[in-house]
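Counting convention: from 1, in listed order, for ligands and their atoms alike. Worth knowing before you read on, the calculation uses all heavy atoms, side chains too, and leaves out hydrogens, waters and symmetry mates. Numbering of residues begins at 1 and proceeds along the displayed sequence.
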Amino acid sequence: MNYRHAFHAGNFADVVKHIVLARVLVYLARKDAAFRVLDTHAGAGLYDLGGEEASRTGEWEAGVAAALATPLPAPVEALIAPWRAAINAANPQGFDTGLAHYPGSPFIARHLSRPQDRMLFCESEPGVRAALAEVMRADGRVKVLPTDGWQALSAYLPPKERRGLVLIDPPFEEGGEFHRLAEGLVGAHRRWEGGVLMAWYPIKDVRAVDAFRREVTRAGIPKTLRIEFDLAEVRQADRLSGAGLVVVNPPFTLAEEMRTVMTALAPRLAHDGRGRVRIGWLMPER
Ligand SMILES: C[S@@+](CC[C@H](N)C(=O)[O-])C[C@H]1O[C@@H](n2cnc3c(N)ncnc32)[C@H](O)[C@@H]1O
């Protein structure tokens, strides 16, 4: 295992995933009742964009920096405001001279949670886990766990709050990861029918993505939304050309919100100045 998210932090895929995550959290926070977040593959929580790894790829410049280069139309700014707020919190000295840090999913989850909410973050790499624990320190709402993310789906679901979200965001560096993701998602839904379940996947090998979508669709889970973004039309099988999310039980406004956001962001993130956005139901409400 040598995947290091620090190389990719803040890239186009993080931008899309984290805006969706922030929208789901805002929706969950509309009710006073506590919610729980389970992030099965949590990463380090905070990334130094001037550090060796992020600088080596510069992916964040074509991602978060391009997305936020100039103000977006007001309705889009309103929708991305919670994500932007987490970025601001990760850069307390401001970013007049550019972004210094990018927040990972646990940071965003914590930023948008309330005193009554609880978070479980699983991370298998000891060094990355130590960094995450440092970012999260002294927050009694959070547990940083060494638990295998796939096992966490059975060990910690359903949560006692009976409200909340699961983010499954594996590194996709082993064979069979698409099948595992589909199985993990379906198993999580079996244990917790009412949870908002988000599963992230890379678009590189289009056939593998098609097979994954078919497997998820066959499971027949009602209210399964897919959100995909391609950087350009031409795909090279060995390069990440897009990314997707399957969201089970999304907030009822999410599809429309992400259409608004992605229409504005696609030209900024895409290689060809346009990009391709696909948002639609794999399985609608019963
Ligand atoms: C794609 S990154 C996570 C990014 C993070 N979710 C975010 O959005 O900021 C995947 C992380 O999962 C960790 N990981 C890999 N296999 C794991 C497993 N079986 N259980 C838990 N964590 C794992 C990797 O070390 C890596 O930090």
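Counting heavy atoms only, Glu123 comes closest to atom 27 (O) of ligand 1 of the residues His8, His5, Glu123, Glu125.
Annotation: Tyr47 places no N or O atom under 3.5 Å from an N or O atom of ligand 1; distance criterion only. Remark: ligand 1 and Asp148 share an N or O pair separated by less than 3.5 Å (distance only, no angle test). Annotation: Asp169 places an N or O atom under 3.5 Å from an N or O atom of ligand 1; distance criterion only. At under 3.5 Å, not a single nitrogen or oxygen of Val128, backbone or side chain, sits near a nitrogen or oxygen of ligand 1. For Ser124, a nitrogen or oxygen atom sits less than 3.5 Å from a nitrogen or oxygen atom of ligand 1, counting backbone and side chain alike.
Near Gly43, meaning under 4.0 Å from one of its heavy atoms, ligand 1 places the atoms 27 (O). Using a 4.0 Å cut-off to heavy atoms of Ala42, the atoms of ligand 1 that qualify are 5 (C), 6 (N). Listed by atom number, the atoms of ligand 1 under 4.0 Å from Gly104 heavy atoms are 9 (O). The Pro171 neighbourhood of ligand 1 comprises atoms 15 (C), with distances under 4.0 Å to a heavy atom of that residue.
At least one donor-acceptor pair under 3.5 Å links the side chain of Arg23 to the backbone N or O of Leu79. Formation of a donor-acceptor pair under 3.5 Å by the Arg114 side chain with backbone atoms of Ala33 is found in this model. Panel note: side chain Asn91, backbone Ala100; a donor-acceptor pair is recorded below 3.5 Å. Listed for the Arg36 side chain is no donor-acceptor partner under 3.5 Å among the backbone atoms of Leu120. Side-chain atoms of Glu123 come within 3.5 Å of backbone N or O of Glu125 as a donor-acceptor pair.
The six-membered or imidazole ring of His111 lies away from that of Trp83, with a centre-to-centre distance of 6.0 Å or more.
Using 4.0 Å as the threshold, Leu21 has no heavy atom nearer than that to any atom of ligand 1.
Between Phe172 and Trp200, the ring planes are perpendicular. Angles over 60° get that label, and only those under 30° would be called parallel. Using cut-offs of 30° and 60° on the angle between ring planes, the pair His18 and Tyr102 is parallel.
At a heavy-atom distance under 4.0 Å, only side-chain atoms of His18, from C-beta outward, approach ligand 1.
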